[in-house]
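Remember, it's a predicted structure, so these values are computed and weren't measured experimentally. FYI, side chains are in, hydrogens and waters are out, and symmetry mates aren't considered; it's all heavy atoms of this structure.
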Amino acid sequence: MRVQFEAFLDEHRSALNRCLDGLTEEQARRSLVASRTTLLGLVKRETFVERVWFDKAVTCRSRTELGLPATARPGRVAPGGAVAR
């Protein structure tokens, strides 16, 4: 099951990366839909999901044990451009 899960994540990452190929940062930040979703926003969300949600679900460790602030909200960009996890 783990091998299938990792293969799924790899394919998902690859698909998202292919969407970004050849785009400038400005283009990646541009919203083309009514929800204001951007490709960069999807990358930030994916980062949160992989680094926090999956780790918590699989290892049952708390955000504190993962070295993450308990109050950070997913997808928020911290000063310097780091994604809150």
Side-chain angles (χ1 to χ4, degrees):
M1 178 118 130
R2 182 181 174 119
V3 172
Q4 287 177 318
F5 181 67
E6 289 176 355
F8 169 77
L9 284 177
D10 287 342
E11 179 55 34
H12 188 73
R13 281 187 213 113
S14 294
L16 192 52
N17 285 334
R18 284 190 303 272
C19 290
L20 296 167
D21 281 347
L23 296 181
T24 65
E25 183 176 344
E26 180 183 333
Q27 290 169 324
R29 291 179 179 276
R30 187 177 302 140
S31 175
L32 301 174
V33 294
S35 67
R36 297 178 43 194
T37 300
T38 66
L39 287 173
L40 184 59
L42 292 174
V43 170
K44 290 176 184 179
R45 181 66 182 168
E46 181 69 20
T47 300
F48 170 79
V49 169
E50 284 193 37
R51 291 190 177 166
V52 179
W53 190 88
F54 285 144
D55 201 354
K56 284 177 64 177
V58 172
T59 66
C60 298
R61 295 187 297 168
S62 70
R63 290 174 69 103
T64 302
E65 291 172 309
L66 296 172
L68 303 168
T71 59
R73 290 177 30 199
R76 297 289 178 170
V77 178
V83 178
R85 297 173 186 85

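Here the shortest heavy-atom pairing between Arg36 and Ser31 reads CA-OG, 2.8 Å. Across Thr24 and Gln27, no two heavy atoms sit closer than the pair N-OE1, 2.8 Å. Considering every non-hydrogen atom in both Thr38 and Arg29, the closest pair reads CG2-O, 3.0 Å. Nearest heavy atoms, Leu66 versus Val52: CD1-O, 4.4 Å.
Salt-bridge annotation for Arg18 and Asp21: absent, with no side-chain N of the basic residue lying under 4.0 Å from a carboxylate O of the acidic one.
Placement of Leu16 and Phe48 in two distinct hydrophobic clusters is found when ILVMFWY residues are connected by side-chain heavy-atom separations under 4.5 Å, directly or transitively. Transitive grouping of hydrophobic side chains (ILVMFWY, heavy atoms separated by less than 4.5 Å) keeps Val49 and Leu20 in distinct clusters.
Glu26 CD: 12 or fewer foreign heavy atoms inside a 6.0 Å radius.
Taking the side chain as every heavy atom from C-beta outward, Leu42 and Glu46 never approach each other to under 4.5 Å.
For the pair Glu6 (side chain) and Val3 (backbone), a donor-acceptor distance under 3.5 Å is absent. At distances below 3.5 Å, not a single donor-acceptor pair connects side-chain atoms of Glu50 with backbone N or O atoms of Thr47.
Atom CZ of Arg30 sits about 10.5 Å away from atom CG of Leu39, to the nearest 0.5 Å.
Considering only residues two or more places apart in sequence or on other chains, Arg61 meets the salt bridge (Lys or Arg N to Asp or Glu O under 4.0 Å) condition with Asp55.
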